[in-house]
Amino acid sequence: MNIAKILAHRIGWDFEALSSQSRTAYLVSQRRCLMIVLKDLGHSQTEIGKMLNRDHSSVAHMISDKYFLLTPEEIRNIDKLKSIADDYNL
């Protein structure tokens with residue numbers, strides 16, 4: 001089980017949907033939050049891409065302006081994911 005799957009499961013998100021090719025707005029938002037946290041945890045763009053069935057350039061695009069244009073909900077989700085990662089020593 002990869003760390004992205006663990007985090008998604010712990011926060012209550014559908015990992016299969018997150019790693020699908022869907023561009024549904026809520027999935028794009030959740031995927032972006034997950035990518036930001038994984039990058040902050042020290043994973044490379046290539047590793048994150050493999051975890052979420054994406055190319056590393058897709059990861060780079062999603063997190064390039066990670067602290068700009070985040071919605072309040074995305075900020076809350078990032079904080080929750082970081083807390084989960086800390087709780088489970090991920």
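Every value quoted in this text rests on a predicted model; they were computed, and no experiment measured them. The figures that follow rest on heavy atoms only: side chains count, while hydrogens, waters and symmetry mates do not. Heads up: numbering here begins at 1 and tracks the sequence.
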Are Leu38 and Met35 close enough that some pair of their side-chain heavy atoms sits under 4.5 Å apart? no
To the nearest 0.5 Å, atom CG of Asn53 lies from atom OG of Ser20 at 9.0 Å
Looking at side-chain heavy atoms only, is the closest gap between Thr46 and Val59 below 4.5 Å? no
d(Gln45 CD, Ser57 OG) to nearest 0.5 Å is 9.0 Å
Sequence neighbours left out, what pairs pass salt bridge (charged side-chain N to carboxylate O under 4.0 Å, His left out) with at least one residue falling in residues 68-79? Arg32-Glu74
Atom pair CD1 (Ile78) and CG (Asp40), whose distance is rounded to the nearest 0.5 Å: 8.0 Å
Could you pull out all donor-acceptor pairs under 3.5 Å where a side-chain atom in residues 11-18 meets a protein atom, sequence neighbours excluded?
residue	atom	partner	partner atom	Å
Asp14	OD1	Glu16	N	3.1
Asp14	OD1	Ala17	N	3.4

Main chain of Leu27, side chain of Thr24: is a donor-acceptor contact present, judged purely on distance under 3.5 Å? no
Hey, are the side chains of Ile48 and Leu52 touching, using non-hydrogen atoms and a 4.5 Å cut-off? yes
For the atom pair NE2 (His43) and NZ (Lys50), what is the distance rounded to the nearest 0.5 Å? 13.0 Å
Report yes if some heavy atom in the side chain of Arg54 is under 4.5 Å from a heavy atom in the side chain of Arg31; otherwise report no. yes
How long is the straight-line distance from CG of Leu41 back to CD1 of Ile36, given to the nearest 0.5 Å? 12.0 Å
Kindly compute the distance separating CG (Leu7) from NZ (Lys80), expressed to the nearest 0.5 Å. 13.5 Å
